[in-house]
Amino acid sequence: MKKIMAVLFSLLIILSFTACGEKNDADNKNTSAENITEITGDTQNQTQTTGKNEPEPLYPTLNLSDYPMADVDWSFKGGVLTIKGSGRMPNGMSSSHPWNVHADETTKIVVEEGIVGIGESNFYRFSSLESVSLPSTLLYVGTCTFTDCYELKSIELPEGLAEIKASAFEGCEELESVTLPSTLVKIGEDAFSYCDSLTKVNIPNSVKSIGESAFASSGLTEFTFPESVVEIGRGAIRACYSLESIKLYASDDDVPNFMYDCSEDVKLEVGENYVVEDGILYNKDKTVLIACVDPNLKELTVPSSVTKIADYAFSSHKSITTVNTGENTKIIGESAFYCCKALKEVTIGDSLEVVSRFAFSWCDILGSLDFPATVNKVEYGAFRGDEALTSVTFGAPRDQIEYDDGDDDRLPENLIMTFGE
């Protein structure tokens, strides 16, 4: 899997660099005279609407217009790559950086004072890199900066650092120790995913956002979401098979399942913003069903307080056989019942409106689904791989449902799909 991920990242950098560049350029354009300021853009999930329809920031973000692109001076001697300059290092494909000719022989990187940001893919796949020295002026570590630095064993991020961008340390298999500063605000998606040797990391109480799959498939044995966290990405600690304990003290009340495919024996401790009841994790008001945390749960009737079943809520659950989605549930999230191999009976409540992507995909023995007339949206791949599915009935007419049929050629040949009149 790690090799596959590495290949995918290579292709991403070669073929799709523009998208990564646009992301970083967007970060750089939302600016003010301060190092960190409240965001005012329309970035998804970073703002919430007030009663006056004005965006209210959930957390501060970096704004970097006061910092010019650095005229980077570099040198290499005895396995040590030294970077000098004032401002932000450039983004670009790893091959575009002149120091990349030493990627395989660099054992240490020293970034000197004055550099405020390390650009995208600046040290991508420096396969012999063992240690890094970073300056106190550093504000962010860029996308894919240290991806697949297989020999990197420890990293100490300096005080003043505010953001670790997407995939910054992804695939650093030997990374055992990470020191995060008390100034850190955001940990991007996949930032530390596939870090096999990383068993523990202390998240400072300054962190507001932990991105999708941020620590996925790592060696974590314990993890704490501190009270400061207001945004948790789906699968933030998914597929961490060695996890023994999780402490959830965050305040994100619409959190997706952040822990699917983890150890079945993991112990979950929650703060005042969450409730665990009968093997199910809910938000405080029990309006969002976040995750099933009981690996042996077989039957469930969703409480009437619930309006949303979160993304990946039951993903790959091995025991669940029967589900009643509840009388007031309006949204079944993406992959909510993905790969539930024992699921054979689902009763859909009369308030359901949205069936999200892959919601019931790869449910091997699920035979039928009957949706009420309230359903107005069915997203791509909702029933993919359901080989036993013979009947799907919708109460509403076809022209009243926003139905994505792009995956219908993968549905069972004997499936009969019926719409209301």
Side-chain angles (χ1 to χ4, degrees), residues 234-235 238 254-262 264 268 274-283 285-379 381-396 411-412 415 417-418:
R234 66 186 178 192
R238 67 172 175 82
D254 192 18
V255 61
N257 189 349
F258 55 85
M259 55 178 284
Y260 59 91
D261 290 343
C262 286
E264 293 185 352
L268 177 64
Y274 303 93
V275 176
V276 177
E277 187 175 288
D278 297 328
I280 302 294
L281 173 65
Y282 302 94
N283 66 348
D285 299 328
K286 291 180 66 175
T287 56
V288 179
L289 189 160
I290 298 170
C292 179
V293 295
D294 179 0
N296 300 312
L297 186 70
K298 295 184 182 299
E299 299 181 357
L300 174 69
T301 296
V302 175
S304 59
S305 59
V306 170
T307 59
K308 179 180 180 180
I309 298 175
D311 295 351
Y312 292 84
F314 293 85
S315 178
S316 300
H317 196 283
K318 298 177 181 178
S319 302
I320 193 76
T321 62
T322 306
V323 173
N324 183 318
T325 65
E327 60 188 71
N328 292 312
T329 297
K330 295 182 178 181
I331 300 172
I332 296 178
E334 179 173 340
S335 300
F337 296 96
Y338 167 82
C339 210
C340 289
K341 300 297 187 181
L343 185 62
K344 60 182 179 181
E345 182 179 347
V346 177
T347 301
I348 306 294
D350 290 337
S351 299
L352 189 67
E353 297 177 3
V354 177
V355 183
S356 301
R357 287 166 49 91
F358 306 113
F360 293 99
S361 60
W362 304 106
C363 295
D364 290 354
I365 62 173
L366 183 62
S368 65
L369 287 166
D370 189 358
F371 293 100
T374 52
V375 170
N376 55 48
K377 186 175 185 179
V378 179
E379 296 184 348
F383 317 115
R384 178 188 288 192
D386 294 346
E387 295 300 329
L389 195 62
T390 59
S391 173
V392 175
T393 302
F394 294 97
L411 295 177
L415 172 62
M417 194 172 292
T418 305

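Along the sequence shown, residues carry numbers from 1.
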Evaluate the side chain to side chain contact (heavy atoms under 4.5 Å, CB included) criterion for residues Val302 and Ile280: first the C-alpha distance (whole Å), next the side-chain angles of each, then the deciding distance (0.1 Å), finally the verdict.
CA-CA 10 Å; Val302 175; Ile280 302 294; over 6 Å; no
Please report the C-alpha distance between Leu300 and Leu289 in whole Å, then the side-chain angles of each, then the deciding distance to 0.1 Å, and finally whether the side chain to side chain contact (heavy atoms under 4.5 Å, CB included) criterion is met.
CA-CA 12 Å; Leu300 174 69; Leu289 189 160; 4.1 Å; yes
Evaluate the side chain to side chain contact (heavy atoms under 4.5 Å, CB included) criterion for residues Ser305 and Asp285: first the C-alpha distance (whole Å), next the side-chain angles of each, then the deciding distance (0.1 Å), finally the verdict.
CA-CA 8 Å; Ser305 59; Asp285 299 328; over 6 Å; no
Apply side chain to side chain contact (heavy atoms under 4.5 Å, CB included) to residues Thr325 and Leu352 and explain how you reach the verdict.
CA-CA 9 Å; Thr325 65; Leu352 189 67; 5.5 Å; no
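Although no hydrogens or angles enter the test, the distance criterion places no donor-acceptor pair under 3.5 Å between the side chain of Ser315 and the main chain of Tyr312. Using modelled atom types, one side-chain atom of Thr307 and one backbone atom of Thr287 make a donor-acceptor pair closer than 3.5 Å. Using a distance-only test at 3.5 Å, with no hydrogens or angles considered, no donor-acceptor pair links the side chain of Asn283 to the main chain of Tyr274. When atom types are taken as modelled, the side chain of Ser319 and the backbone of Pro295 share a donor-acceptor pair closer than 3.5 angstrom. No side-chain donor-acceptor contact under 3.5 Å links Asn257 to the backbone of Ala291. A donor-acceptor pair under 3.5 Å is formed between the side chain of His317 and the backbone N or O of Asp294. When atom types are taken as modelled, the side chain of Asn328 and the backbone of Ser304 share a donor-acceptor pair closer than 3.5 angstrom.
In terms of heavy-atom proximity, Gly381 sits nearest to Ser361 at O-CB, 3.8 Å. Minimum heavy-atom separation, Pro412 to Asp386: CG-O, 2.9 Å. In terms of heavy-atom proximity, Thr390 sits nearest to Leu415 at C-CD1, 3.4 Å. The heavy-atom pair separating Glu299 from Thr321 by the smallest distance is CG-OG1, 4.1 Å. Here the closest heavy-atom approach between residue Ala310 and residue Ala336 is recorded as O-CB, 3.8 Å. Closest approach of Ser356 and Ala382 over heavy atoms only: O-CB, 4.1 Å.
Rounding to the nearest 0.5 angstrom, the gap separating the CG atom in Asn324 from the CD1 atom in Ile348 is 8.5 Å. Interatomic distance, NZ of Lys308 versus CD1 of Ile331, reported as 5.5 Å (0.5 Å rounding). Distance check, rounded to the nearest 0.5 Å: CG of Asp311 to OG of Ser335 gives 7.5 Å. Rounding to the nearest 0.5 angstrom, the gap separating the CD1 atom in Ile290 from the CZ atom in Arg234 is 15.5 Å. Separation of atoms CE (Met417) and CG (Leu411) is listed at 5.5 Å; rounding is to 0.5 Å. Here the CD1 atom belonging to Ile309 is positioned 11.5 Å from the SG atom belonging to Cys292, to the nearest 0.5 angstrom.
No side-chain heavy atom of Leu389 sits under 4.5 Å from any side-chain heavy atom of Phe360.
Residue pairs meeting the side chain to side chain donor-acceptor pair (under 3.5 Å) criterion with at least one partner in residues 342-355, sequence neighbours excluded, are absent. Within the structure, the salt bridge (Lys or Arg N to Asp or Glu O under 4.0 Å) test picks out the following pairs touching residues 360-379 (sequence neighbours left out): Lys341-Asp364, Lys377-Glu379.
The side-chain contact (heavy atoms from CB on, under 4.5 Å) search around Thr374 returns Pro372, not counting sequence neighbours.
Ring planes of Phe371 and Phe383: tilted class, angle from 30 to 60°.
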